[in-house]
Amino acid sequence: MAMAPSDSLTGRGSSSTAAVQATNDDATASKLSCVKKGYMKDDYVHLFVRRPVRRSPIINRGYFARWATLRKLLLEFLSIDSGCAKQVLSLGAGFDTTFFQLKEEGAAPDLYVELDFKEVTSKKASLIDHWSQLRDKVGPEASISTARGEVIGKHYSLCPVDLRDIQKLDDVIRLAGLDPSLPTFIIAECVLIYLDPDSINAIVDWAAKTFSSAIFFLYEQILPDDAFGEQMMKNLESRGCPLLGIHATPTLKAKENLFIDHGWQRVVAWDMQKVYSEFIEAQERRRIERLELFDEFEEWHMMQEHYCVTQAINDAKGIFQGFGFLKE
Ligand code: SAH
């Protein structure tokens, strides 16, 4: 098979690109599994899943923790009284439904922008076009093109791009309507770790230079070298989507350095074990821990040690003091 131009950037074959895109279907199906069990509320994710599956309690709990953390940080960002419009930029957004859910709750930012490979954005654009409950949320003025894999609206944009193609990112965010001077919450959830270290550095650097008032939320794996980590690496390699970036940032300290070395002012990285016990609301934990029989405690703790959230901040407007983990 001929290599797509985007793959020639790193020499990565198109089969691995397809495998990384497939992780999106996996994540979406897992979120629906959580919704059905009552872990979280999401009125839209079912529209993106063709074949619903039931996940094990440990997977459900892991996705809940990931979802609850992003949601808490995002809502904190959206509640800051900055005196100006706010934006969200999701890198490798896949079929994430956060925009639709926030819109439903009357909590959406002024502009929400999602980027992914064209194969993914085309499917998402076509689903948005198809389902009136999604189309209504992006607004009547939004133009939807399945062929281009694009939705361009006043409050929501979806654009195709290969994130490794840094030159294109500036054009894409302009097309999407983002204003780099406004407070921006950047999401990279299980995305950058699939890229080669040079591309990761370039993206983090580009984001720091582009957005002077921004929170960068990074959620991904760490600790590839212990027994659990080796197994995790093997599983992903056998699915054709190795974590190309993990050896450059294998620890919490390394994730923090990634941001400090590439233009970010403040950064803090916590593993999900700490995030779960110290950041997610105790009441929420008690609620979800009653949903299913759960006895895989050892496995659960190990799994949570192998995922982390890195929160980086550039605070040109002085509005992010004590934000998120920094408050704890
Ligand atoms: N962030 C979403 C999806 C995670 S799956 C969530 O947490 O649910 C990873 C996504 O990153 C996939 O949709 C994949 O297509 C996208 N992705 C991976 N590498 C990319 C690249 N180089 N450019 C654009 N998107 C990419």
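As a basis for the values below, the full set of heavy atoms in this structure was taken, side chains included, without hydrogen atoms, waters or symmetry mates. Note that ligands are numbered from 1 as they come in the structure, with each ligand's atoms numbered from 1 the same way. Quantities reported herein were computed from a predicted structural model and do not represent experimental measurements.
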Chemist: Does ligand 1 have a heavy atom under 4.0 Å from the side chain of A188, from its backbone, from both, or from neither?
Modeler: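 Contact part for A188 vs ligand 1: neither.
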Chemist: Do any heavy atoms of Y194 fall under 4.0 Å from ligand 1?
Modeler: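 Y194: no contact with ligand 1 (<4.0 Å).
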Chemist: What class does the angle between the rings of Y219 and Y307 fall in, given that below 30° is parallel, 30 to 60° is tilted and above 60° is perpendicular?
Modeler: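 Ring orientation, 0 to 90° scale: parallel.
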Chemist: T23 versus ligand 1: do any nitrogen or oxygen atoms come within less than 3.5 Å of each other?
Modeler: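 No; every N/O pair is 3.5 Å or more apart.
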Chemist: Return the orientation label for the F64 and Y39 ring planes: parallel under 30°, perpendicular over 60°, tilted otherwise.
Modeler: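 F64 vs Y39 ring planes: tilted.
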Chemist: Flag G92 as yes when one of its N or O atoms lies below 3.5 Å from any N or O atom of ligand 1, and as no otherwise.
Modeler: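 Yes, G92 has an N/O under 3.5 Å of an N/O on ligand 1.
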Chemist: One residue to check: R66. Relative to ligand 1, which of side chain, backbone, both or neither has a non-hydrogen atom less than 4.0 Å away?
Modeler: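 It is the side chain that gets close, since no backbone atom is under 4.0 Å.
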Chemist: I'd like to know if K31 contacts ligand 1, where contact means a heavy-atom distance under 4.0 Å to any ligand atom.
Modeler: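 Yes, that is the case, since the closest heavy atom of the residue is under 4.0 Å from the ligand.
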Chemist: Please state which option from A93, S199, A27 has its nearest heavy atom closest to atom 2 (C) of ligand 1.
Modeler: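 The nearest heavy atom belongs to A93.
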Chemist: Could you tell me whether F216 and F259 have their ring centroids closer than 6.0 angstrom?
Modeler: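 Aromatic pair counts; centres sit under 6.0 Å.
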Chemist: Would you call E289-R286 a salt bridge at under 4.0 Å N-O?
Modeler: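 No salt bridge links E289 with R286.
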Chemist: Has the side chain of N24 got a donor or acceptor atom that lies under 3.5 Å from a matching backbone atom of F95?
Modeler: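 Yes, N24 side chain to F95 backbone: donor-acceptor pair under 3.5 Å.
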Chemist: Could you walk me through whether F100 and Y156 pass the ring pair (Phe, Tyr, Trp, His ring centres under 6.0 Å) check?
Modeler: CA-CA 10 Å; F100 302 100; Y156 173 83; 5.7 Å; yes
Chemist: Under 3.5 Å, side chain of T184 to main-chain N/O of L182, donor-acceptor pair present?
Modeler: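 Judged by distance alone, yes, a pair lies under 3.5 Å.
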Chemist: For atom 9 (C) of ligand 1, tell me which residue out of C241, G94, C190 has the closest non-hydrogen atom.
Modeler: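 Looking at heavy atoms only, C190 sits closest to atom 9 (C) of ligand 1.
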Chemist: Please state which part of D116 comes within less than 4.0 Å of ligand 1, counting heavy atoms only: side chain, backbone, both or neither.
Modeler: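 The part of D116 near ligand 1 is both the backbone and the side chain.
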Chemist: Treat each ILVMFWY residue as a node, draw an edge where side-chain heavy atoms are under 4.5 Å apart, and state whether I187 and I215 are in one component.
Modeler: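 They do share one cluster, since a chain of ILVMFWY contacts under 4.5 Å joins I187 to I215.
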Chemist: Mark up the atoms of ligand 1 that fall under 4.0 Å of a heavy atom belonging to N24, in ascending order.
Modeler: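 Once the distances to N24 are compared, the set is 5 (S), 12 (C), 13 (O).
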Chemist: Looking only at atom types and distance, does a side-chain atom of K86 sit under 3.5 Å from a main-chain N or O of I80, one as donor and one as acceptor?
Modeler: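 Yes, the answer is positive, given that a donor and an acceptor are paired below the 3.5 Å cut-off.
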Chemist: Only heavy atoms of V20, strictly under 4.0 Å: list the atoms of ligand 1 that pass.
Modeler: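 Those qualifying, in numeric order: 12 (C), 18 (C).
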Chemist: Does the E284 side chain pair with the main chain of A68, one donor and one acceptor, at a distance under 3.5 Å?
Modeler: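 Not confirmed, E284 side chain does not pair with A68 backbone.
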Chemist: Please list, in number order, the atoms of ligand 1 under 4.0 Å from a heavy atom of V120.
Modeler: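 It comes down to these atoms of ligand 1: 15 (O).
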Chemist: Applying a 4.0 Å heavy-atom criterion (strictly less than), which segment of V161 is in contact with ligand 1: side chain, backbone, both, or neither?
Modeler: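 Contact part for V161 vs ligand 1: backbone (N, CA, C, O).
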Chemist: N/O of Q21 under 3.5 Å from N/O of ligand 1, yes or no?
Modeler: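 No, there is no polar N/O contact under 3.5 Å.
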Chemist: Numbering the atoms of ligand 1 from 1, which are under 4.0 Å from a heavy atom of R164?
Modeler: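 Checking each atom against R164, I get 22 (N).
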Chemist: Indicate yes or no: does an N/O atom of L195 lie under 3.5 Å from an N/O atom of ligand 1?
Modeler: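 The answer is no, given that L195 and ligand 1 share no N or O pair closer than 3.5 Å.
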Chemist: Any N/O of D162 closer than 3.5 Å to an N/O of ligand 1?
Modeler: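 N/O-N/O distance below 3.5 Å exists for this pair.
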Chemist: Would the distance check show the side chain of N314 and the main-chain N or O of Q265 forming a donor-acceptor pair, the cut-off being under 3.5 Å?
Modeler: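 Indeed, once roles are kept as given, a pair shorter than 3.5 Å links the two residues.
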